Amino acid sequence: MYDHRALETKWQARWQESGLYRTGEDKNKPKYYVLDMFPYPSGDGLHVGHPKGYIATDIIARLRVMQGFNVLHPMGWDAFGLPAENYALKNKTQPRLSTDKNIVNFKRQLGLLGFSYDWDREINTTDPEYYRFTQWIFLQMWRHGLAYESFAPINWCPSCQTGLANEDLEDGCCERCGTLVEQKPMRQWVLKITAYADRLLTDLDKLPDWEEAIKEMQRNWIGRSEGAEINFAIPGSTETIAVFTTRLDTIFGCTYVVLAPEHRLVEELKDKIKNWPDVLAYLTKTKNKTELQRTDLNKEKSGVSLEGIFAINPFNNEKVPVYIADYVLNAYGTGAVMAVPAHDERDFEFAKKYDLPIRRVIKPLTGDAIELLGAFTGDGRLDDSGEFSLLLSADARVKMSDWLEKNQQGSRKINFKIKDWVYSRQRYWGEPIPLIHCEACGVVPVPEEQLPVTLPEVANYEPTGTGESPLAAMDDWVNVSCPQCGGPAHRETNTMPQWGGSCWYYLRYLDPHNNKELVSKEQEKYWSPVDLYVGGAEHATRHLIYARFWHKFLFDIGVVSTDEPFIKLQHVGLIMGEDGRKMSKRWGNVINPDDMAEKYGADALRVYEMFMGPFDQAAAWNTNGLIGARKFLEKIYLLFVNNPEKIVLADKKLLALLHKTIKKVGEDIENFHFNTAVSALMILVNGLTDYQNEFHAWPFSAAEYASFLQILSPLAPHLSEELWESLGQEGSIYKSTWPNFRPELIKDDVSIYIIQINGKLRAQLSLAAETSEAEVIATAAAEPNIVKWLEGKEIKKTIFVAGKLVNFVI
RNA sequence: GCCGCGGUGGCGGAACUGGUAGACGCGCUGGACUUAAAAUCCAGUUGUAGAGAUACAGUGCGGGUUCGAUUCCCGCCCGCGGCACCA
C-alpha cells in the first residue's frame, strides 16, 4: 500500500515551490496552446464530472511539454452572470464576496488533482482589469455599428427578471431557472451577429479538426436559406406585402397571403379592414398565448381573414385574399408568406380548415397519377404556371428569380435563422455597458482612457423587474456629465450577459498582465490560435458561436491575426451518477472529487476517469472502477519496491511489449483514446508483475523502467514523479524528454497464422516471419484439424494474406 | 418532422485500411491464505452440447456483396443529442 495522501501533497507542494508549471518563454520552440472551457465557480463546488475534460487537457499538455513544445495551459474563472447573482441572493451575501469565496474553493479542488496549470496567468472575468477590455471590445463594436439600441419585443424571464437572448432558451423556457419566457418590448442593446452569419457558416469548412456534429449544430442554428423576396401589391394602397419563399417555383399555386399577427401592415391597413373587431379579437387572443403555446406543433392552425384587403401575385396578376395567422412568425423573413396549400403542409392544413382553394402546380416526377391527400412538398415539374410550365423546379427557381429582378417585382434573398444577440441584462452582476446617454448628444461612448467603468458596490442589487437594472437607482453613479458636451447625462445601466466575458478570455491568457491592450501583438502572434479546446457540447450554439463572432470582429479590426480562434475542438462526454442519471443535488447522486482523491488518490481518479470509456461519450460513475484504477497503481508501486536489488534478466518479449506500449500510449493520447492507453499500460504492468513474481528480477534495465514511468506520467503524475526520483533520475519527470519507441524491437519475428476453412477459423499456426507463402500453405494443410476438414474435399481456392491467414475454400 | 451520433457478454467497453469477436477493467463463481472477515493471490467466466479435444449459434432486425462482414451496401427497428410552424 502506498500512502497516496502523503505522496501527492508532497509533490504538489514541491511543484508549486519550484514554479515547475510556469509557461515556457523560449520563443524558438514550437508552441502548443491547450485550453479548457473555464468554469463558472458555483457555490456547490466541482463534482466528479467537471474535471474529466481538465484531466484530458492536462494529459495532453504534459505530453506536449515532454515532446519539446512550449505549452500554454491556463485556467481562470467565468464569474459574472445570473447563477452567481442568484446564488448570492439566496445566501444573502454580495455577489463579489460569494464569487471570491467560490473561486477559492474551486481552485483548492483543482489543486488536489495535480494539474499543470500556470496559475500566474489566472484570469477572472469579474476583475475590473479584465473587464476593462470586455468593455473596450464592446465600444469597438459600437463604433463599427455592430452594437445598436433596439425596442423590439424580446424574451423576458419573469423569474430572473431580465431579458434573454434566443440562445438562453430551452424549449421556450429560461435555460437557467426553467420559467416560461414571455415576450416583452423593452429597450435593449443588441449585437449584430447577423452581419457575420455568412462567414460564421462558411468558415466552418475551414475547421477540419472540429467534430462534424458540433459544426452541424452551428449550421442548423445559423440556418441559412436561399430564396426570393416578392412584392405583392395591395389594390387601393401604396403599401406592398413582401413575402419570402424558398419555393418560388410554386408561386402559381399561391391562393392567399398570410401576415404574422404582429406584422406592421395590420395596424397600417386598419382603416381598410372591414372586419376589424374580428381581427382585433384574434390579435388579443394571440397576444395572450405564450411562446410555447404558439410554437406547439400539435395545435390546430388558426387565423382570420382581413376583409377588404387583397394582394396581387405579380406572376399572374391574380387577386388573392389576405389572412393573419399565428403560424407565421413575424421575426423570420418578412413576417409574411405566400400560401401554397398544394405544396406546403402548413398552408394545406390552414386551407382545409378555412376552405381555401388548393391549386396544384408541381407534378411529381414519378407516380403523378396518385391523387394526393396532403401537400406534395417535393421538387417536380411545373404545371399550369404560365410561361414557366414544364420547367423542373430547380430551373424554374432560377428563371423566375431572373424574371422577378428584371421586372422589379422582387429579388433573390438569403435569410438566416440566427437573430441578433440581445446583449443587455437588467441585472446587477455583469459588466457595465460603457455608454452614456446625453440629452443633447444622444448615445456617447465612455472615453477609452476612462475604462473600466467599474461596477459600483450597491446595498440592494435585487432585480427591479421594471426593465431597468438595480444600477439605475444609484444616482451618484448614474448621473455624469457628457464626455462630449459636458452637459447633463446618465450612464447606461443595463449590464452585459453572462456570455460576454467568455467571448475573448482565451486571448487574455496570452498576455494577462498587460494593462495597455488586451493582448500585445507579439504575444498574440506567437500563441494564437488555440491548438486544442476541450469542453462540453452544450456550448455548441452559445459560447462557441459568440466567441467565433467576436474573434472575427477582432480580426477585422486588426487585434488578432487569425480569423478563427480554435483549431481543434473536442467535446467531453458527461459523467452520470451511479444510477445513470445526470449528477445533481436533486437526485442525491453527486460524487465529490475531494472525497475520491482523499480516499483513493488523485492519480487513481485521473486514471479512472480516462479509463471509463470513450472520452466523448457519457458514462455512469462506478466507484468499483475507481478502486480498480487504484489497484493498478498499487501494482506499479510494487514493481519498484518489491525488487530492491533490481537484478536484470533481459527478456526480449517484455522489452518488445514496452516499446509497443510506448508507441501506443503516445498515439492514443493524441487521438483522445485515453481508455485504450490505460488498457495498454495495464497489459504491460500485468506482464511485468508476472515476470517479477516469477523471477524476482527485472526484465529490462532501470533506464527502460524510467521510460515506462514517463509514459505513465501524464496520466498519473504524482506516482510517476515519486518513482522517477526513487530510480535516481535527475529533475522532474515533467521536464524529461518523451521516450522514442524502437521500431526494430517492435517487429515480431514470428507470425501467428490463422487457418480457415471457408472463412471459419479451424487452426492456428505460429511460423517464422520470413516463411514463404508455399511453405505456410503446406504447413497449414498438414495441421491435424485441417487435414480432417480437407479429407475427401476439393480445394477450390486458397487465400493467403502474408503474416495473417490462410483460407481454404472447399 | 429534419439533422447528427450510437446499438457488441451480467456491466463499462476493445477489435488497425474487411481477416482469431469479446482485449483491459468491473462484477460474479470456485479455490488458497485466515479462528473469521477484509485485503491479497490462483483458476474460471458469450450461449448451447460435451469430462475434454471440439462442434454449432452469436456484434439491434431482415436482405445483399465477399473466400471471409462488428467493419461495406440496401431496407427497417430502437436509444441518445440538437433543431423544430424558419415559409
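Throughout, protein chains are lettered first and strands after them, A, B, ... in sequence-line order, and every chain is numbered starting at 1. These figures come from a predicted structure and were not determined experimentally.
- Pair assignment for B/U54: B/A49, on the basis of Watson-Crick or G-U wobble contacts that are both within less than 3.5 Å.
- Whole-Å rounding puts the A/Arg542 CZ to B/G82 P distance at 9 Å.
- Distances shorter than 4.0 Å separate none of the side-chain N or O atoms of A/Trp789 from OP1 or OP2 on B/U54.
- In this entry the distance linking CZ of A/Phe416 with P of B/A87 reads 12 Å, nearest Å.
- Mapped onto RNA chain B by nearest heavy atom, A/Tyr332 and A/Val809 fall at different nucleotides, with A/Val809 at the one closer to the 5' end.
- Rounded to whole Å, atom P of B/A87 lies 19 Å from atom CG of A/Asn313.
- Using P as the reference atom, B/A43 and B/G50 are 27 Å apart when rounded to the nearest Å.
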Next on the checklist: Could you go through A/Arg224 and A/Asp198, starting from their C-alpha distance and side-chain angles, then the distance that decides it, and tell me whether this counts as salt bridge (charged side-chain N to carboxylate O under 4.0 Å, His left out)?
Outcome noted: CA-CA 8 Å; A/Arg224 182 182 195 273; A/Asp198 230 341; 3.4 Å; yes
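- The residue from A/Val322, A/Asn313, A/Thr240, A/Ile312 that alone fulfils the side chain to side chain contact (heavy atoms under 4.5 Å, CB included) condition with A/Phe232 is A/Asn313.
- If you take CG of A/Leu329 and C1' of B/C83, they are 14 Å apart, rounded to a whole angstrom.
- Base pairing of B/C83: its partner is B/G1, meeting the Watson-Crick or G-U wobble criterion (both donor-acceptor distances under 3.5 Å).
- Comparing A/Val337 and A/Ala618 along RNA chain B, the residue whose closest nucleotide (by nearest heavy atom) sits nearer the 5' end is A/Ala618.
- Distances shorter than 4.0 Å separate none of the side-chain N or O atoms of A/Tyr327 from OP1 or OP2 on B/A87.
- Relative orientation of the A/Phe350 and A/Tyr354 rings is tilted, given thresholds of 30° and 60° on the angle between their planes.
- Residue A/Arg630 places none of its side-chain N or O atoms closer than 4.0 Å to OP1 or OP2 of B/C26.
- Rounding to whole angstrom units, CE of residue A/Met610 and P of B/G12 are separated by 19 Å.
- For the pair A/Lys417 and A/Tyr332, the cation does not sit on the ring face, since its NZ or CZ is not both under 6.0 Å from the ring centre and inside 45° of the axis.
- Between A/Phe695 and A/Tyr691, the two ring planes are tilted [angle within 30° to 60°].
- A/Glu211 pairs with exactly one of A/Asp209, A/Ile214, A/Leu207 by the side chain to side chain contact (heavy atoms under 4.5 Å, CB included) rule, that one being A/Ile214.
- Contact annotation for A/Arg224: no contact, since no heavy-atom pair falls under 4.0 Å across all strands.
- In the interface, the side chain of A/Lys417 is not paired with the base of B/C83 through any donor and acceptor atom under 3.5 Å apart.
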Next on the checklist: Using the rule given for salt bridge (charged side-chain N to carboxylate O under 4.0 Å, His left out), can you reason through A/Arg630 versus A/Glu634, listing the C-alpha separation, both sets of side-chain angles and the distance that settles it, and then say yes or no?
Outcome noted: CA-CA 6 Å; A/Arg630 165 65 201 224; A/Glu634 203 76 59; 2.9 Å; yes
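- Within the 4.0 Å cut-off from OP1 or OP2 of B/A57, at least one side-chain nitrogen or oxygen of A/Lys760 is found.
- To the nearest whole angstrom, the two P atoms, one in B/A69 and one in B/G60, are 15 Å apart.
- No donor-acceptor pair under 3.5 Å is formed between the side chain of A/Lys582 and the backbone N or O of A/Trp587.
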Checklist entry - Reading nucleotides 1-6 of chain B 5' to 3', which nucleotides get B (base under 4.0 Å from a protein heavy atom), which S (sugar-phosphate only), which -? => result --SS--
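- We find that CD of A/Glu783 is positioned 14 Å from C1' of B/A53, with the value rounded to whole Å.
- Within the 4.0 angstrom heavy-atom criterion, no nucleotide atom of any strand lies near A/Val340.
- In A/Lys663, the NZ atom is not crowded: 12 or fewer heavy atoms of neighbouring residues, nucleotides or ligands sit closer than 6.0 Å.
- When both pairing distances are held under 3.5 Å, B/A21 makes no Watson-Crick or G-U pair with any nucleotide shown.
- When rounded to the nearest whole Å, the span between CG of A/Asp668 and C1' of B/A15 equals 13 Å.
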Next on the checklist: What does the B/S/- profile of nucleotides 17-25 of chain B look like, 5' to 3', with a 4.0 Å heavy-atom cutoff to protein?
Outcome noted: --BB--BBS
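- The phosphate of B/C83 (OP1 or OP2) has no side-chain N or O of A/Arg219 nearer than 4.0 angstrom.
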